[in-house]
Amino acid sequence: MAASPGPAGVGGAGAVYGSGPLGFALDSGLEIKTRSVEQTLLPLVSQITTLINHKDNTKKSDKTLQAIQRVGQAVNLAVGRFVKVGEAIANENWDLKEEINIACIEAKQAGETIAALTDITNLNHLESDGQITIFTDKTGVIKAARLLLSSVTKVLLLADRVVIKQIITSRNKVLATMERLEKVNSFQEFVQIFSQFGNEMVEFAHLSGDRQNDLKDEKKKAKMAAARAVLEKCTMMLLTASKTCLRHPNCESAHKNKEGVFDRMKVALDKVIEIVTDCKPNGETDISSVSIFTGIKEFKMNIEALRENLYFQSKENLSVTLEVILERTEDFTDSAYTSHEHRERILELSTQARMELQQLISVWIQAQSKKTKSIAEELELSILKISHSLNELKKELHSTATQLAADLLKYHADHVVLKALKLTGVEGNLEALAEYACKLSEQKEQLVETCRLLRHISGTEPMEITCIHAEETFQVTGQQIISAAETLTLHPSSKIAKENLDVFCEAWESQISDMSTLLREISDVFEGRRGEKYGYLSLPKPMKNNANLKSLKPDKPDSEEQAKIAKLGLKLGLLTSDADCEIEKWEDQENEIVQYGRNMSSMAYSLYLFTRGEGPLKTSQDLIHQLEVFAAEGLKLTSSVQAFSKQLKDDDKLMLLLEINKLIPLCHQLQTVTKTSLQNKVFLKVDKCITKTRSMMALLVQLLSLCYKLLKKLQRENNGWVSVTNKDSMDGKI
């Protein structure tokens, strides 16, 4: 089983440590339920506040009134579920019970207020009973919505403290049991304590896994995955290493092997707590150096900033930054495994980068005193030249590291050294053990150095963490294999010693496999096949043609534009609710019109979530693809409705065709917009697409309602069900 974290997706949050007695499931914590209710609740509150604040819509239609009431009721129901979970958490945590209960009461009151103020039945009796509603007291519902958000936030923060406390308590239990396992002397006692340890590790696995899923920071998530991967593998290692020690209590190598496992597990447990609490022990700081690729990326951003501001930074700063980057390339040039050709090319490109920086600084100084077009173009040319040199350096470093890693993995694919160590162990050949232990140490050093080079060219922070994890794993596991092999060689007939060596060798082989996966993913990122994604309203990649030296100015949305997108998104979300209500009226849910309508509503809801930074659509590219499918689905719907219209009388048929003729052009317009390149005007494209989608959804709601009424009318006239897709009816044979 793979165990490296990060991009390869191994050591995921759902994993359970170990196998056999440890492989049973545990119920998820209360915070999972809290989070799911929160995800339902907060968008609804946002919808209700947006709806009531529309200045351009003082008179609400019946549909809007019903929509507001539906949202108000949904908010109240979601609040009720949220409060139940909050109260359950409070009952289990007496130290926070009072604070949580107060926040829950506030949330409940706010939910009930919103439900009452959005109830349209009260609107009909306004004159007789003086009931205040949303339409006579907007301020009241706004206050209630704000109180709801505030109280929900309080509960979530308090619940988060509970979760952190649970993880720390679970870790402390594991550590306490580990201390008992370290001191145990009898096999029977070990079995009893290890059973308890297994249960505690499963609990810790689920708690830390849930936390890993909640982390927003990809770097922290990768670190958590790395620590949990260590714990997963070490649990089985601890079992066999401890049993070997008990069987051979006077064997020094067995004790060394066991201590290595315990030490690594303790470090991993501390790392999880460090990530969860977001603080390092004794005020330590992260001293890991920045990778070469990250350094080059930051350096290029700094020199490109000169296009906009010539006084953005000092020249000395830029020179120092480049020197730090080039100094780190010594990891490549000083490596005994780097070929002569690669070494020479890296040194040549480093020298070229230094020269071009000096040229850039010279032009930069002139540009500060002379504001001429020729100087501006010369500065741009200097920026492009040094960027090109650094890109060439990146290519050379990538080629060097990946070629070395690929060759190394291919050479050690058959695990000859591991097989030899196992054989010498069962033969009790100490002389051969020394020879193959030396070979494994050499292999370990090669792998460790290769991981260090891969980290420099990994391209993303999560993969940097994965490279560091692989480096540490090879370093530690290599030593542990040698100590386990030594124990077996000293006790060649020992089954438990043989089993122990097998476990460590499997961990090594697994890490080799993970390294192969990591190498593929690093190459994918470098070649642009994955990794660098552009989120909502992010800028497109720079144009390849740099003949025009004028820099592109990004079309960044201001607060007004963002508010516009958010409002369009909320209206879109409301229309999907209306469409779903229309769909529910249909008795035949397999009807083609219903199926296409349901598909369009589902996709529109994903678009709504996208405007909030949520849901399955993560990038602008995802959005465009979804819109293309949405437009195609709209055209399929119009075809089905046209087929249905052939069954209708002339007046009804004309009325339906008029609605279809409104939808078809919108579908084609949306397809055109999605295919139109607006270069750096991403906001404008998103705005147009969502506006078109909203118009299409409004027509969809009307079409679904009209088709349903006409179908019912047709059924009454024909005294039976007429299928939309019936071939006879398609030909007009009714």
Report summary line: For K220, the salt bridge (charged side-chain N to carboxylate O under 4.0 Å, His left out) test, sequence neighbours excluded, returns D278

Requested in this report: May I ask you to check whether over 12 heavy atoms, not counting those of K84, lie within 6.0 Å of atom NZ?
Outcome: no

Query raised in the report: Distance only, no hydrogens: is a donor on one side chain within 3.5 Å (strictly under) of an acceptor on the other, for R180 and Q196?
Result: yes

Query raised in the report: Are the side chains of K256 and T487 in touch, meaning some heavy atoms are under 4.5 Å apart?
Result: no

Query - Polar side chain donor-acceptor pair, R264 to T473, under 3.5 angstrom - result: yes

Report summary line: When rounded to the nearest 0.5 Å, the distance separating CG of L269 from CD1 of I168 is 12.5 Å

Query raised in the report: Out of curiosity, D214 CG to D160 CG, how far, rounded to the nearest 0.5 Å?
Result: 8.0 Å

Query raised in the report: Which residues satisfy the side chain to side chain contact (heavy atoms under 4.5 Å, CB included) test with T400, sequence neighbours excluded?
Result: F332, T338, H342, I346, E396

Report task. Establish, from distance only, whether the side-chain atoms of T240 and N500 form a donor-acceptor pair under 3.5 Å. Result -> yes

Query - Check against side-chain hydrogen bond (donor to acceptor under 3.5 Å, both in side chains), E464 and T294 - result: CA-CA 10 Å; E464 281 188 39; T294 302; 2.9 Å; yes

Query - Any donor-acceptor pair under 3.5 Å from S208 side chain to A205 backbone - result: yes

Report task. Answer yes if the side chains of Q511 and T477 hold a donor-acceptor pair under 3.5 Å, and no otherwise. Result -> no

Query raised in the report: Where the side chain of S483 meets the backbone of Q480, is there a donor-acceptor pair that is under 3.5 Å apart?
Result: yes

